[in-house]
Amino acid sequence: MRHVLTSLCAVGGALAARPFLNEPDTGFDDVFGSLPAGELPPLDQLVGLPDFDAAARRHLPIQNYTYYRNGAAAEWSYRNNLEVFNRYSLRPRTMVDIVDIESSLPTTILGHNFSAPFFISPCARGGYGNNDAEKGLIEGAANGNILYIPAIYASLTIEEISTFKKEEQVVFQQLYLDSNDTASEALFARAEASGAKALVFTIDSAANGNRHRAARYGVGSADASYTKITWDFYDHIRTLTSLPIILKGIQTVEDAKIAVERQVPAIYLSNHGGRQIDGARSPLDVAIEIQREAPEVFSQIEVYADGGVRYGADVVKLLATGVRAVGLGRPFMYANVYGTAGVERAIELLKNEIAIDAANAGIADLKKIDPSVVDWTPNWASS
Ligand SMILES: Cc1cc2nc3c(=O)[nH]c(=O)nc-3n(C[C@H](O)[C@H](O)[C@H](O)COP(=O)(O)O)c2cc1C
């Protein structure tokens, strides 16, 4: 009997996990399905980050939405980034005084103060979501007091984005770099003059991204050339600027350990939102690998991560591995369809979810979170 039950559970698990749903069924279409085509639902009626995806899908021209939504090839890595969080269940502790949990949301990133342990990941082409392009992203980040990392392939230039920057606001600048030192130095100077406090060098895109969905609509990768990116190259470019250069796109414990040896100021686990190479692991899996094989990395260096984060509990799971701050790309690009107010609302919704999910998991202080809050044995739910 037990054997039969186990088999049934396995079949049920497999059925429950498929087909993949890009948008969870929480009633969005029931409530907003009768709105005229393209009309945005009222912002104050959006209840979580996935709603911004659904709203943007209804509102934007299909090419624009596809540029944001697409992943590489068959999009297995894109889907896995979303599903992986469901593979590791929480182990909520009870009888814990959690009433001050909100006071532990603020954190520092490379020594700069922010109101929450999450940030806006660098994403190109803000203009595809909003005529004001990146204005809503940088203003929303300022008003919510979180970090924004503009992309070098943003619709606006570094200088144009900086005109919307608040006086004390801290931003980092994402860059792609090649062997042209003169061009790199010019970029470093522009970023520094515009007030960036750190540079984020993307290293996961040495070749073009294989983007089938995007190619169908003519909105492919922004970085189409082969680029020589090596540790020696990193050491070299560091001599060209006094700004710290964070490495974005670390995907193995081996590279995380080399980064520590090379005294990189911070690393950023990312598979580019599943947009570069299909089959690449999710950043949560990479964080778990580091936690298992070299947990000291998390105290030797600041580690950030992004990919598939949509809920407060996702952030909690990443923080539990030792990750210091968590990035979100698409959710903020979709929120920016509503401009500054949309980005602000997304920030508020996520802050609230992190606090209540942490509290319900029995975490009294996010600064003291540890791996024991998650069962790291993968469950069957999405295998
Ligand atoms: C529309 C879009 C454009 C992006 N452009 C860049 C970019 O120019 N540079 C970069 O380093 N990463 C880029 N990324 C990757 C994001 O920084 C981030 O790693 C990814 O979006 C995280 O996954 P998520 O969208 O599931 O949160 C882009 C992602 C998206 C969705």
Side-chain angles (χ1 to χ4, degrees), residues 22-23 49-50 52-53 56-57 60 63-72 75-85 118-130 133-134 137 147-158 161 172-177 187 198-206 208-209 211 213-214 217 219-224 227 229 245-251 267-277 280-284 286 304-311 314-315 318 323 325-337 346 350:
N22 190 56
E23 292 163 22
L49 298 193
F52 288 96
D53 187 339
R57 174 179 56 76
L60 293 176
Q63 294 86 343
N64 300 32
Y65 175 74
T66 297
Y67 177 70
Y68 288 165
R69 156 71 176 78
N70 94 91
E75 305 187 332
W76 297 110
S77 287
Y78 167 80
R79 288 195 279 270
N80 186 54
N81 280 359
L82 296 164
E83 292 182 338
V84 71
F85 291 101
F118 63 88
F119 58 88
I120 303 181
S121 298
C123 290
R125 305 189 195 181
Y128 277 16
N130 192 301
E134 285 76 22
L137 295 162
L147 173 65
Y148 172 45
I149 307 176
I152 189 61
Y153 292 134
S155 298
L156 300 178
T157 64
I158 296 177
I161 294 174
F172 298 171
Q173 176 65 48
Q174 181 269 335
L175 296 173
Y176 292 108
L177 300 169
L187 279 177
L199 303 171
V200 176
F201 175 30
T202 302
I203 58 168
D204 61 21
S205 313
N208 198 6
R211 301 179 182 173
R213 184 190 294 271
Y217 292 96
V219 288
S221 171
D223 183 28
T227 316
I229 303 171
I245 306 181
I246 298 162
L247 292 180
K248 175 174 187 277
I250 295 279
Q251 297 179 70
I267 57 171
Y268 184 158
L269 313 179
S270 179
N271 64 4
H272 216 105
R275 294 163 78 83
Q276 281 306 117
I277 173 170
R281 293 180 301 172
S282 82
L284 178 65
V286 178
Y304 321 129
D306 73 17
V309 174
R310 302 292 183 266
Y311 301 94
D314 300 346
V315 176
L318 273 167
V323 163
V326 170
L328 297 92
R330 293 179 186 85
F332 282 118
M333 299 310 273
Y334 299 139
N336 188 41
V337 168
L350 188 58

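Along the sequence shown, the residues carry numbers beginning at 1. First listed ligand is number 1; within each ligand, the first listed atom is number 1.
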Rounded to the nearest 0.5 Å, how far apart are [atom1] of [X] and [atom2] of [Y]?
X      : Y      : atom1 : atom2 : value
Asp306 : Leu318 : CG    : CG    : 9.5 Å
Tyr65  : Tyr217 : OH    : OH    : 11.0 Å
Leu199 : Leu187 : CG    : CG    : 9.0 Å
Arg69  : Leu60  : CZ    : CG    : 14.0 Å
Asn336 : Asn130 : CG    : CG    : 5.0 Å

Return the set of residues passing ring pair (Phe, Tyr, Trp, His ring centres under 6.0 Å) with Tyr311 (not counting sequence neighbours), or none when no residue passes. none

Report, in ascending order of atom number, the atoms of ligand 1 lying under 4.0 Å from any heavy atom of [X].
X      : value
Ala151 : 8 (O)
Thr202 : 10 (C), 11 (O)
Ser121 : 17 (O), 18 (C)
Tyr68  : 1 (C), 31 (C)
Gly307 : 22 (C), 23 (O), 26 (O)

Could you check which of [options] puts a non-hydrogen atom nearest to [atom]?
atom                    : options                        : answer
atom 12 (N) of ligand 1 : Lys248, Arg275, Gln174         : Lys248
atom 16 (C) of ligand 1 : Gly249, Ala214, Pro122, Gly329 : Pro122
atom 9 (N) of ligand 1  : Tyr176, Tyr268, Tyr67, Tyr78   : Tyr176

Relative to ligand 1, is Ala124 under 4.0 angstrom through side chain, backbone, both or neither, heavy atoms considered?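 Answer for Ala124: both.
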
Honestly, for Ser270 the part within reach of ligand 1 (heavy atoms, under 4.0 Å) is side chain

Within-shell test, [X] vs ligand 1, heavy atom, strictly < 4.0 Å:
X      : answer
Tyr128 : no
His272 : yes
Leu328 : yes
Asp306 : yes
Arg310 : yes

Less than 3.5 Å between some nitrogen or oxygen of Gly327 and one of ligand 1, yes or no?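 No; the residue has no nitrogen or oxygen that sits under 3.5 Å from a nitrogen or oxygen of the ligand.
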
Going by distance only, is there an N or O of Arg330 that falls short of 3.5 Å from an N or O of ligand 1? yes

Would you please classify the geometry between the Tyr176 ring and the His272 ring as parallel, tilted or perpendicular, with 30° and 60° separating the classes?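 If you compare the ring of His272 with that of Tyr176, the planes turn out parallel.
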
Sorted by chain and number, sequence neighbours left out, side-chain contact (heavy atoms from CB on, under 4.5 Å) with Pro122 holds for Ile149, Ala151, Gln174, Lys248, Tyr268

Assess, by modelled atom type and distance only, whether the side chains of Asn271 and Ser77 contain a donor and an acceptor separated by less than 3.5 Å. no

Which atom pair, heavy atoms only, marks the closest approach of Gly209 to Gln276?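 So the two residues come closest at N-NE2, 3.5 Å.
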
Compare every heavy atom of Ser270 with every heavy atom of Gln251, then report the nearest pair and how far apart it is. CG-O, 3.3 Å

